J.: 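Pasting in a structure now, in structure tokens, and then I'll have a few things to ask.
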Amino acid sequence: MAREKVTIDSGMSSSGAIGRFFGGAADQASEYVQASFPAVNKALDNAIRAASPMVQNVTQALEPAQQIVAGAKTLMSDPLRYLSQAATKAIPAAIAASASLQYTGGQGSFCNFLYPVVVRTKWMRVDGNRAAYIGKPLCKVRPLSVLTGYCKCANVKLDLPGTAQEPTATIEELQIVVLYLEAGVFLE
Amino acid sequence: MVVTFYPGFSKKPNSTALPASAAQTQVINGEIKGDFSPYAPVIRFRTIPATSCPTYVYCYIASFKRYYFVAWAFVSGFWEASCTCDVLGTYKGQIRASSQFVERSGSDYDPYIIDGACNPKGQVEFAQAVVGQTAIWGTDYEDGTYVVGVVSCSAGNNIGAVCYYAMSQLGFNALMYALLNSPNWMNIDPSEISTDLQKALINPAQYIVSAVWLPINAATFIGTPQDIPTGADVTTTVRLGWWSFDIQVNCRVLHRPTSEYDSWMRTFVCDLLQHPDTQEFGTWVNLSPYTKVTLDFPPFGCIDLDTTDLMHNLGVLSCRMFIQTYTGDATLYIFAGNIDTDPTHAQMIGSLQANVGVQIPVGQIAINPSNFKNAVVAGAVTGAAELANAVMEGS
């Protein structure tokens with residue numbers, strides 16, 4: 001019985017030797033099987049031909065069964081060739097997947113290093129200095145004798161008992177002095 | 001009553017100023033009008049001509065030991081001075097002798113206290129400073145270093161199964177040339193396996209399990225032509241699998257993870273620029289939102305620095321970087337202050353991790369069991385499908 005020559009795709013160069021190895025052995029085995037079981041081949045072939053009109057009319061769900069039947073027939077007719085073909089396809093596919101180039105970029109980059117490392121600063125300018133008029137924050141206890149210019153105090157605790165040069169302050173005067181100090185005075 | 005006037009003297013009502021002791025004075029006798037208090041007496045002067053309006057605004061009444069502000073009025077044919085006590089001038093000595101909690105002062109201030117009385121303006125300025133006195137990274141990739149991991153039998157120099165070599169671009173080229181120029185180094189008799197089949201069957205690059213380019217000048221590892229370091233770690237021999245190659249170019253064997261070559265460390269210092277209003281307003285203007293500081297450090301990225309951290313040691317920023325040269329994995333530590341010269345006061349304000357290396361593509365076997373399994377299954381299915389197809393065609 002005439003058989004169509006099945007070409008084995010050798011795939012990658014590294015697997016080509018394997019493919020050729022299996023392919024060569026399969027060719028020899030195929031001839032042996034075809035010569036040894038002509039009756040079986042013919043019977044199966046006739047069965048498929050007789051059943052084909054019905055198979056063509058069944059639903060698509062039955063097509064796998066048809067393929068199984070056909071595959072079984074073919075496998076029986078040329079088992080070593082097709083088994084070797086399946087192996088030939090599986091092995092180089094696995095090798096091809098694992099022999100890929102490993103490239104794991106995306107971390108460092110050549111272009112990153114063309115630029116210097118810099119500290120960039122952005123400043124928001126502040127309005128003109130009014131320290132002569134309203135001073136600057138001090139927030140500390142200080143003897144007023146060491147300060148000059150504007151001075152604004154908080155929680156003033158003051159006692160004006162009088163001296164040889166200065167009288168004893170009245171309560172009204174004391175309160176006024178406290179109000180002045182807390183509102184801001186110029187020590188001159 | 002004797003009243004001492006100070007011609008030409010005036011002062012702010014909230015000032016402690018007093019006339020100088022040598023100031024010009026005018027003493028005039030007057031009489032107190034009606035009921036009075038020492039705080040606000042009214043003095044009538046009969047000796048001042050009606051047609052001559054007095055211009056004195058400040059006086060001192062010794063009887064009361066007080067200084068007064070004066071307001072004049074002409075009443076019933078006489079000039080009258082309505083006096084109001086200048087308490088700040090009168091009690092100046094006792095006020096100055098006291099200690100108070102001073103919120104604001106014109107002569108002393110704390111530069112770190114944010115002054116809410118100042119108004120930020122819409123005027124923005126930019127500046128930048130380069131970190132490090134010399135370039136951190138080279139400008140040409142050929143100046144960089146390749147760290148190549150090779151599976152070999154280099155006993156004593158391996159990290160696990162791998163021996164790492166740091167080499168220049170020239171060294172890497174020489175290595176690849178030695179590997180791929182000819183398969184003769186495998187010493188396989190061509191009568192057993194042809195040369196072409198040797199090339200097809202044996203991929204020498206499979207022994208190179210990692211190759212990382214680092215932006216570190218290769219001279220760091222192998223010196224310069226004028227200054228080649230000595231020692232067992234500097235060699236021209238690369239061991240690969242069962243073989244050794246003399247590539248005629250120096251490279252350094254990296255086999256001590258804690259050494260300065262394996263864990264490359266450098267510190268870079270940068271002077272931080274001060275806000276242009278610092279001198280006038282205080283250090284606080286170097287805080288957000290008046291100042292924003294960004295460290296642009298590839299490949300770690302652009303890092304916005306917390307300005308309050310920088311206040312700890314204002315003026316200097318240190319960056320200390322550790323690079324694991326086998327992999328390029330790097331950690332960057334950022335310090336406020338100079339970690340080199342003043343480590344006691346330098347404060348770490350952040351750390352970042354990145355990979356500064358560039359993975360160099362090398363043909364090699366990547367062992368991924370999942371991929372391998374999937375490939376086998378896919379290949380088998382493909383084979384089975386083609387088998388079924390061939391069966392159908394055959395039928």
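Order of the sequence lines fixes the chain letters, A, B, ..., with proteins taken first and strands second; residue numbering starts at 1 for each chain. Hydrogens, waters and symmetry mates play no part in the numbers below; they use all other heavy atoms, side chains included. It should be emphasised that the depicted structure is a prediction, and the values quoted were computed from it without experimental measurement.
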J.: Heavy-atom count around A:K122 NZ within 6.0 Å, excluding the residue itself: above 12?
T.: no

J.: Using modelled atom types only, decide if a donor and an acceptor are shared between the side chain of B:R104 and the backbone of A:I134 within a distance under 3.5 Å.
T.: yes

J.: May I ask you to name which of B:I114, B:T291, B:V212 has the most heavy-atom pairs under 4.5 Å with chain A?
T.: B:T291

J.: Can you give each donor-acceptor pair under 3.5 Å made by side-chain atoms of residues 177-188 of chain A, sequence neighbours left out, with the distance rounded to 0.1 Å?
T.:
unit_1	atom_1	unit_2	atom_2	d
A:E182	OE2	A:N155	N	3.4
A:E182	OE2	A:V156	N	3.2
A:E188	OE1	B:S15	OG	2.1

J.: Do you know the tightest heavy-atom contact between A:V117 and B:P298?
T.: CG2-CD, 4.2 Å

J.: Could you tell me if the side chain of A:R120 sits less than 4.5 Å from the side chain of B:C302, heavy atoms only?
T.: yes

J.: Which one of B:G328, B:P289, B:A117 has the most heavy-atom pairs closer than 4.5 Å to chain A?
T.: B:A117

J.: Count the heavy-atom pairs under 4.5 Å between each of B:V293, B:L88, B:L18, B:L295 and chain A, then report the option with the highest count.
T.: B:L88

J.: Would you say the side chains of B:Y39 and A:E172 form a donor-acceptor pair under 3.5 Å?
T.: no

J.: Is B:C319 close to chain A through its backbone or its side chain, or both, or neither, when contacts mean heavy atoms under 4.5 Å?
T.: neither

J.: Is chain A contacted by the side chain of B:I95, its backbone, both, or neither, given a heavy-atom distance below 4.5 Å?
T.: both

J.: Can you tell which of B:P276, B:C270, B:A17 has the highest number of heavy-atom pairs within less than 4.5 Å of chain A?
T.: B:P276

J.: Is any side-chain heavy atom of B:C85 closer than 4.5 Å to one of A:E173?
T.: yes

J.: Is chain A contacted by the side chain of B:C118, its backbone, both, or neither, given a heavy-atom distance below 4.5 Å?
T.: both

J.: As an exercise: rank B:L273, B:L305, B:I303 by heavy-atom pairs under 4.5 Å with chain A and give me the winner.
T.: B:L273

J.: Tell me which of these, B:K92, B:R66, B:K12, has more heavy-atom pairs under 4.5 Å with chain A than the rest.
T.: B:R66

J.: What closest approach, in Å, do B:R96 and A:L147 show between heavy atoms, and which atom pair accounts for it?
T.: NH2-O, 2.8 Å

J.: Could you pull out the closest heavy-atom pair between A:P167 and B:K65, with the gap in Å?
T.: CD-O, 3.1 Å

J.: Which pair of non-hydrogen atoms, one from A:P143 and one from B:S99, has the smallest distance, and what is that distance?
T.: CA-OG, 3.5 Å

J.: Looking at every non-hydrogen atom in both residues, tell me the closest pair between A:D159 and B:Q94 and how far apart they are.
T.: O-OE1, 4.2 Å

J.: Where the side chain of B:K292 meets the backbone of A:M124, is there a donor-acceptor pair that is under 3.5 Å apart?
T.: no

J.: For B:F64, is it the side chain, the backbone, both or neither that has a heavy atom under 4.5 Å from a heavy atom of chain A?
T.: backbone

J.: With a 4.5 angstrom heavy-atom cut-off, could you sort out which part of B:A127 is near chain A: side chain, backbone, both or neither?
T.: both

J.: Could you check if a side-chain atom of B:P111 sits within less than 4.5 angstrom of a side-chain atom of A:K136, using non-hydrogen atoms only?
T.: no

